[in-house]
Amino acid sequence: MSRALPRHPPCAAASPRLWERQRPQGLPVFRFALHALIVLILTLLTQIGGIAYLVMLAASHASGLRRFLAKLAIFLLCYAGATFAASLAAPIFGRVPLSCVAGATDRLVVRSPIYCLLNRNYVTPELRDLAKALAAHMDKEFPGTVTVALDANFPFVNGFPLLPHLSHADGKKIDFAYYYKDEDGAFLNGATRSPIGYFAFEQPAPGDELPCEGRNDWLTTRWNFDVLQPLFPAYRIEEQRTSAAIGWLANEGVTRFGLQKIFIEPHLKNALGITDSHIRFQGCRAARHDDHIHIQVD
């Protein structure tokens, strides 16, 4: 006499609800943390990139898109639209963009399109006029000379940090590249030692003033990047143009445009024979300023 087999469902036909209960519960938390981290990084890098990413997530969820390339395309479209909208809205906040599209006759240029792609090219109208006037003066004194602008500010919100800078947060600060010459002394028009204009430092000579010698601050952006220095070409600062630009800033920039401060390293200030009180040392917690000139207006 055979016994009836127990009516248990096979494993393959287990209830979907059982599978749902067995799924790792930490996965949604990890995804949320990852998205939050991406939003934070994009916001710190570009100010508006985090918003574009959130719009992409909402659009992907609404349309059921799961493919990475499709999501990336949506994000790039959102970011491009947000960047264009920022250029239109920034004047409401008292800022205007410096153009990264330079023509053959332009004498003020932004070093790299990456500054515009990251929305780091915004200044107050007064600072824009100062930058253009400096470039015009340099072109008049040294015909054909191009003045190179570097980091400026984000388009919106005073106090929003433009990392790694400590003070580019109100539209009133901008960095300029030094003017350079090659090893034979020939002027290199519009050239910088590094591709982005930063981190290729002019090393002090023995006996130069070193205000931060012996300090070991743990909270600082004064990085030396020693491993990078051999990678940069052996250009040198073109003293005549650099002195003329700093001299104009310390005079015309102050009287006409309300310039307050110019930051360069003390050893360069001494080497160029500059004594004006508006030219100062930025402090040992800020980045080195022997790769660029920092100016700020009132």
Asker: Heavy-atom count check: over 12 atoms from other residues, nucleotides or ligands less than 6.0 Å from Gln203 CD?
Answerer: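 More than 12 heavy atoms, drawn from other residues, nucleotides or ligands, come within 6.0 Å of this atom.
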
Asker: Given side chains that start at C-beta, do those of Pro164 and Trp223 come closer than 4.5 Å, heavy atoms only?
Answerer: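 Side chain of Pro164 against side chain of Trp223, heavy atoms only: contact under 4.5 Å found.
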
Asker: Centre of Phe201's six-membered ring, under 6.0 Å away, within 45 degrees of the axis: is that where NZ or CZ of Arg288 sits?
Answerer: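 Geometry flag: set, cation within 6.0 Å and 45°.
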
Asker: Could you give the distance from CZ (Arg236) to NZ (Lys181), rounded to the nearest 0.5 Å?
Answerer: 4.5 Å

Asker: Answer yes or no: is there a side-chain heavy-atom contact under 4.5 Å between Leu162 and Tyr122?
Answerer: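 A side-chain contact is absent here, since even the closest heavy-atom pair is not under 4.5 Å.
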
Asker: May I ask you to decide if the ring planes of His289 and Phe263 are parallel, tilted or perpendicular, using 30° and 60° as cut-offs?
Answerer: perpendicular

Asker: Does this structure show an ion pair linking Arg193 with Glu202, if we count only N-O contacts that are shorter than 4.0 Å?
Answerer: yes

Asker: In Å and rounded to the nearest 0.5 Å, what is the CG to CD1 distance from Asp175 to Ile295?
Answerer: 9.0 Å

Asker: Answer yes or no: is there a side-chain heavy-atom contact under 4.5 Å between Glu238 and Tyr180?
Answerer: no

Asker: Step through it carefully: locate the ring centre of His294, locate the ring centre of His168, and say whether they are under 6.0 Å apart.
Answerer: yes

Asker: Taking the six-membered ring for Trp, is the centroid-to-centroid distance between His292 and Tyr198 below 6.0 Å?
Answerer: yes

Asker: For Asp139 and Phe142, run side-chain contact (heavy atoms from CB on, under 4.5 Å): C-alpha distance rounded to whole Å, both residues' side-chain angles, the deciding distance at 0.1 Å, then the answer.
Answerer: CA-CA 5 Å; Asp139 182 41; Phe142 306 94; over 6 Å; no

Asker: In terms of relative ring orientation, are Phe225 and Phe199 parallel, tilted or perpendicular, with 30° and 60° separating the classes?
Answerer: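 Rings of Phe225 and Phe199: tilted, as their planes differ by 30° to 60°.
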
Asker: Quick check with a 6.0 Å cut-off and a 45 degree axis cone: is Arg241 positioned over the face of Phe187's six-membered ring?
Answerer: yes

Asker: What is the distance from atom CZ of Phe160 to atom OG1 of Thr43, rounded to the nearest 0.5 Å?
Answerer: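 That separation rounds to 6.0 Å.
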
Asker: May I ask you to say whether Arg256 pairs ionically with Glu126, meaning some side-chain N is under 4.0 Å from a carboxylate O?
Answerer: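 No.
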
Asker: Pairing donors with acceptors under 3.5 angstrom, does anything connect the side chains of Tyr179 and Thr147?
Answerer: yes

Asker: Could you check if a side-chain atom of Cys212 sits within less than 4.5 angstrom of a side-chain atom of Phe281, using non-hydrogen atoms only?
Answerer: yes

